[in-house]
Amino acid sequence: MLIEDTARCACVISGAVPLCYSAGGRWRRCRFRWRAASRGQRRTNTTVGVKLLLWPDLELSPCRPPVGAVTLRAPAPVRLHAFSSHGGIPLAGWSFAYFTIKDRLPQILTKVIDTLHRHKNEFFEEHGEKGIEAEKNTISILSKLRNELQTDKPLVPLDDKLCDVPLWNQYLEYQQNLLDGNEQPSWFQSPWLYVECYMYRRIHEALVHNPPLDDYDVFKEAKVQSFFESQQAIIALCTYLQELLKNIEDLDEKQLQEEFFRLLQVSLWGNKCDLSFSAGEDNFQKASSLKALDNLKTFILVDDTEDIWSLLINSKKRRTSKDVTRVDIVLDNAGYELITDLVLADFLLSSKLVTEIHFHGKCIPWYVSDTTKQDFNWTVKQLQSANNRWISRCGMNWEGSIKKGVFVYHDHMFWTLPHEFCSMAQVATDLYTELQKSHLIIFKGDLNYRKLTGDRKWEFTVPFHQALNKFHPAPLCSLRTLKSDVQVGLKPGQGEQFVTSEPDWMICGKYGVVQFDASL
Ligand SMILES: O=P(O)(O)OC[C@H]1O[C@](O)(CO)[C@@H](O)[C@@H]1O
Ligand SMILES: [Mn+2]
C-alpha cells in the first residue's frame, strides 16, 4: 500500500480487491472504510469514495485472483487503515513501497550526486574542463530529478539515443492510458516497480547526456568496496570449492546431492547482500555463509530444491556425449552474491550435472549493486590476481571456462526495462527464444522475483505457476531473499502467522525461497 502525504493528498494503495469489481470498465467507484489517526485527531471510522483501477488484463482472465490498485484521496496528513468493504484483504498500514519512494530512492540519488562530486578531480585529470562541465551538468540534472520525485511530479518521456527509449516511452503511454484523461503517471501514483526502474534509467540518461561521463558507472565504487569488504567470506567459499573439486570425481550420487543443496543455499543467502536495500550503505558478507547453513534452514519458506535436483540428475543420466545441458543464471548483485553464483556454476560444470552455464547481466548500472558486464569481467580478473591461492585458482578456472565457451555471458536491454517477465515473449522475443534453449533458468534476487510475479499483491497461497502468468521459456526457479512485500506459493496460514508475530518478515531479508516451476 502506498499512502502519500504531500500536498496533493493522494495515495495509491495496491491491495487485493474482490473479484466483484472485475466486470465492466477499468474504473469503478467503490466504498472503503478507513480510520484516520492523524496527529491530534480522534480515531474515527468513516467512509470515503475511492477509484479502483483494475489491472487491464484482469477482465480478460477472470480466473486470476482479483488484484487492483486503488487511489484513495483523503485529507492529509493522515495515517490510514483502510479496509475493503467487500471483505478483501485488509489494506492496512504504511507500505514498503511508500517508504522506498519517499526515503530510499532520494537517499540513493543523494549518494549518486555525492559520488560524482567526490570524483570531480578524477574527471578533471582524465578529461580536463570537459569532465568538470559534465560533472556539474549531471549533478544539476540529478538534483532536479530528486526534486521531481519528492514533489510527485509527472513522469516524463526519456530523451536520449539509447535503443530502449521507444519501449520506455510506450510504457509511459500505457500507464497514461490506464488513468483518467486528467491525470498523469507520477512518482507516488504509479506502480512502484515502474517508478523504481524509471529512476535508475533516468540516472543513466543524465550521464548519457553528458559525455565524457556517458559510460561512467556511479555505483562502481560501492560495488568494489562491498567486494573487498566480503574478502573473508570469499576466501572461505573459494577454499571450500577448491577442496571439493579435488575429489569431485569420487563423489557418489548422494554426496553430490548434498553438495548441490549446500551450494544452492549459499547462492540463495548470497542474495542478502544487495546495496539498494540498504540505500547504498555497506551490506557485505561478513562471515562464511557455509557454517550458518543449518541454522538458516528454518528461514527457507518454500524449498523446492529436491525438484531442481531431480531435473539435473535425470538430465545427467540421460545425456549422451553429444548432448548439451544448459543452465542459465539471471544474475543479481555483484560482490559476494556473484561469487556464490560463480561457485555454484563451477560446481554444476565440474560435477558434470550440466555442460554449459549462461549468465545474464545488466546493460546499464542498475539497482545500485546489480552485475554489469564490466563488473563480471572485473570480478574474474580480481580473483585471478588475488594473493590467496584458492581465490586465484577460482579466478583462473573461471577465466578458462569463459575462453572455452562453457561460461557464457549475455546482456539484454529487457532486464533494465520496467516490464514484468510475462511480457518478455512480446517485448523481447529474441531473449525469450534464447532462454527457451535452457534446461533450467535460475532467477536470482528480489527484483527478479517481483518481475516474475508481476509485483502484484497476490494472496500468499496463489501457486507460483499462476503468478508467472504464462511466463515459461523453460523450467525455472527463483532463489530470493524476501526484501519486498510480494510472496506466493506458501501453505495456507504460513504467511498469516508472521503478519502479527514479525510484521517486517517480507522486507527484512531474513527469509528466503527456493521456488521451482517445471511446467511449460
Ligand atoms: O538485489 P535484489 O535482491 O533484487 O533486491 C533489490 C531491492 O530492490 C527492491 O526490490 C526494491 O527496492 C527491494 O525490495 C530490494 O531491496
Ligand atoms: Mn539487485
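Ligands are counted one by one from 1 in listed order, and the atoms in each one are counted from 1 as well. Numbers here are sequence positions counted from 1.
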Contact check: Thr100 vs ligand 1, nitrogen or oxygen atoms, below 3.5 angstrom:
no
State the atoms of ligand 1, each with its element, that fall below the 4.0 Å cut-off from a heavy-atom position in Glu196.
11 (C), 12 (O)
Would you check whether Trp192 has a nitrogen or oxygen atom less than 3.5 angstrom from a nitrogen or oxygen atom of ligand 1?
no
Given the options Arg456, Lys470, Lys451, Glu420 meets salt bridge (Lys or Arg N to Asp or Glu O under 4.0 Å) only with Arg456
Are any of the N or O atoms of Tyr367 closer than 3.5 Å to those of ligand 1?
no
Asp370 to ligand 1: N or O pair under 3.5 Å?
no
Any chance the rings of Trp505 and Phe460 have centres within less than 6.0 Å?
yes
With a heavy-atom distance limit of 4.0 Å, tell me whether Lys444 approaches ligand 1 through its side chain, its backbone, both, or neither.
neither
Parallel, tilted or perpendicular: which one describes the rings of Trp309 and Phe260, with boundaries at 30° and 60°?
tilted
Considering distance alone, does some N or O of Leu447 sit under 3.5 Å from an N or O of ligand 1?
yes
Looking only at N, O or S atoms, find the one in Asp370 nearest to the Mn ion (ligand 2) and name it.
OD1
Confirm or rule out an N/O/S atom of Asn333, from backbone or side chain, lying less than 2.8 Å from the Mn ion (ligand 2).
yes
Quick one: sort the Phe228 and Trp378 rings into parallel, tilted or perpendicular, breaks at 30° and 60°.
perpendicular
Hey, mind stepping through Ile203 and Val112 against side-chain contact (heavy atoms from CB on, under 4.5 Å) and telling me if it holds?
CA-CA 9 Å; Ile203 295 175; Val112 169; 4.3 Å; yes
Output the list of atoms in ligand 1 that are nearer than 4.0 Å to some heavy atom of Phe96, sorted by atom number.
14 (O)
Of all N, O or S atoms in Asp332, identify the one at the shortest distance from the Mn ion (ligand 2).
OD1
Shortest non-hydrogen contact from Pro418 toward Tyr194:
CB-CD1, 3.8 Å
Can you confirm whether the side chains of Gln107 and Arg146 place a donor and an acceptor under 3.5 Å from each other?
no
Contact partition for Asp332 relative to ligand 1, non-hydrogen atoms under 4.0 Å:
side chain
What part of Arg104, side chain, backbone, both or neither, has a heavy atom within less than 4.0 angstrom of ligand 1?
side chain
Contact atoms of ligand 1, heavy-atom distance to Asp446 under 4.0 Å
2 (P), 3 (O), 4 (O), 5 (O), 9 (C), 10 (O), 13 (C), 14 (O), 15 (C)
Test: Arg450 cationic atom under 6.0 Å from Trp192 six-membered ring centre, within 45° of axis:
yes
May I ask you to list the atoms of ligand 1 that are less than 4.0 angstrom from any heavy atom of Asn271?
3 (O)
Does the plane of the ring in Trp415 sit parallel, tilted or perpendicular to the ring in Phe421? Use 30° and 60° as the thresholds.
perpendicular
Minimal heavy-atom distance between Arg262 and Tyr240, with the atoms involved, is NH1-OH, 2.7 Å
Quick one: does ligand 1 sit under 4.0 Å from the side chain of Asn333, the backbone, both or neither, non-hydrogen atoms only?
side chain
